[in-house]
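Heads up: the structure comes next, in structure tokens.
The figures here come from the full heavy-atom set of this structure, side chains too, leaving out hydrogens, waters and symmetry mates.
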Amino acid sequence: MGGLNLTHHAKQRRAKFCVALATLCWSLLCQAGDARAQVDASTVKATFLYRFASYVTWPPQSASGPIVICFMEGAALKAELERLVHGQSVFGRSFVAERLEAASDIRRCSIAYLNGDEDRVRQWLRAAAAAPVLTVTDAAATPNVRAVVHFATVENRIRFHIDDGQAAEHGLSMDSRLLALAVSVRRRR
């Protein structure tokens, strides 16, 4: 009887070990998948941020000097932006990628990618009010959160919505080709 009990306990320990090992492997696979998805999303978003510059016209007082693409956080996004913009120019303007440290810094940006929780994004959007900054966010458009561009995932692809009215408030003109690529466009009044 004692041998049966020991065998039963050994089987239970083995089963628990196998479940723990499977859980650990699944967790590692999910983390690797999440990391790859994060890098892929960062690559797509960085590419969009860089490409947007070709389809936006800034007011004359902001149309000289480098195009400064700012972002709040994200090491993968930073690395991808720096890779994309290195040695590039649009309309004779070079690019610079900078991390935003404080909301007051947003006015030095040409393009500002704002991510994070809705309250934080709203604070940064208020800091950019009426400044010639192309504001871009992952946050959903609401009456309190209105950027010029809102990224969205549509059919497992990163797409974007454009608020052309918000662009007008920032003194920006959006090329019709970019508007045609958007999932939706909120028109100017």
Side-chain angles (χ1 to χ4, degrees), residues 35-139 141 145-153 157-179 181-182:
R36 195 174 113 222
Q38 182 72 25
V39 169
D40 292 343
S42 294
T43 299
V44 172
K45 290 175 184 177
T47 302
F48 272 131
L49 294 171
Y50 163 66
R51 296 285 183 198
F52 287 155
S54 296
Y55 300 97
V56 175
T57 303
W58 281 268
Q61 71 273 17
S62 302
S64 62
I67 296 172
V68 181
I69 302 177
C70 302
F71 55 93
M72 292 170 69
E73 52 195 47
L77 180 74
K78 178 184 188 301
E80 191 59 27
L81 270 174
E82 288 175 343
R83 184 188 71 74
L84 282 170
V85 304
H86 180 75
Q88 299 298 315
S89 65
V90 169
F91 306 121
R93 297 175 68 188
S94 62
F95 286 92
V96 175
E98 292 184 6
R99 184 165 194 260
L100 287 167
E101 300 295 332
S104 59
D105 295 339
I106 200 167
R107 292 182 166 271
R108 74 169 192 265
C109 306
S110 306
I111 301 170
Y113 173 60
L114 309 172
N115 58 342
D117 68 71
E118 185 177 320
D119 289 336
R120 187 171 179 210
V121 170
R122 185 174 39 247
Q123 172 192 1
W124 289 68
L125 287 171
R126 272 195 305 265
V133 178
L134 177 67
T135 54
V136 182
T137 186
D138 293 322
V145 177
R146 291 201 26 229
V148 177
V149 177
H150 289 264
F151 283 132
T153 303
R157 291 176 49 198
I158 296 174
R159 302 287 307 276
F160 55 91
H161 301 271
I162 294 178
D163 187 333
D164 199 33
Q166 195 66 20
E169 289 181 26
H170 286 268
L172 306 174
S173 295
M174 310 293 281
D175 189 295
S176 62
R177 294 172 294 177
L178 182 62
L179 297 175
L181 293 174

Just jot down the salt bridge (charged side-chain N to carboxylate O under 4.0 Å, His left out) partners of [X], sequence neighbours excluded, or say none.
X: R157; result: none
X: E169; result: none
X: R83; result: E80

Test side chain to side chain contact (heavy atoms under 4.5 Å, CB included) applied to [X] - qualifying residues, sequence neighbours left out:
X: A53; answer: W58, I67, F95, I111
X: S173; answer: T57, R188
X: A102; answer: S104, D105
X: L179; answer: I162, D164, M174, V185, R187

Minimum-distance pair of heavy atoms, taken over all atoms of [X] and [Y]:
X: H170; Y: A131; answer: ND1-O, 2.6 Å
X: A97; Y: L81; answer: CB-CB, 4.1 Å
X: V145; Y: A139; answer: CG1-CB, 3.9 Å
X: G116; Y: V121; answer: O-CG2, 3.9 Å
X: S110; Y: R93; answer: OG-NH2, 3.8 Å

(request) Please list, chain by chain and in numerical order, all residues satisfying ring pair (Phe, Tyr, Trp, His ring centres under 6.0 Å) with F71, sequence neighbours excluded. (result) none

Is there a side-chain contact between [X] and [Y], using heavy atoms and a 4.5 Å cut-off?
X: F52; Y: L178; answer: yes
X: D175; Y: V56; answer: no
X: I69; Y: Y113; answer: no
X: T135; Y: V149; answer: no
X: L114; Y: I106; answer: yes
X: V148; Y: V136; answer: no
X: Y50; Y: Q88; answer: yes

(message) Suppose the criterion is side-chain hydrogen bond (donor to acceptor under 3.5 Å, both in side chains): which pairs have a residue in residues 114-129, not counting sequence neighbours?
(response) E73-R120, E118-R122, D119-R122

(request) Among residues two or more places apart or on two chains, list those pairs meeting disulfide (SG to SG under 2.5 Å) that have a residue in residues 50-89. (result)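 Counting only pairs at least two positions apart or across chains, the disulfide (SG to SG under 2.5 Å) contacts touching residues 50-89 are C70-C109.
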
To the nearest 0.5 angstrom, please state how far the [atom1] atom of [X] sits from the [atom2] atom of [Y].
X: T43; Y: L84; atom1: OG1; atom2: CG; result: 8.0 Å
X: T137; Y: L125; atom1: OG1; atom2: CG; result: 6.5 Å
X: R108; Y: S62; atom1: CZ; atom2: OG; result: 14.5 Å

(message) Once side-chain hydrogen bond (donor to acceptor under 3.5 Å, both in side chains) is applied, do any residues pair with R146, and if so which ones, sequence neighbours excluded?
(response)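 R146 satisfies side-chain hydrogen bond (donor to acceptor under 3.5 Å, both in side chains) with D163, Q166 only.
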
(request) For residues 44-62, pull every pair meeting salt bridge (charged side-chain N to carboxylate O under 4.0 Å, His left out), keeping only residues two or more places apart or in separate chains. (result) K45-D138

(message) Tell me whether R159 contacts the main-chain N or O of A182 through its side chain, where contact means a donor paired with an acceptor under 3.5 Å.
(response)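 No, R159 side chain to A182 backbone: no donor-acceptor pair under 3.5 Å.
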
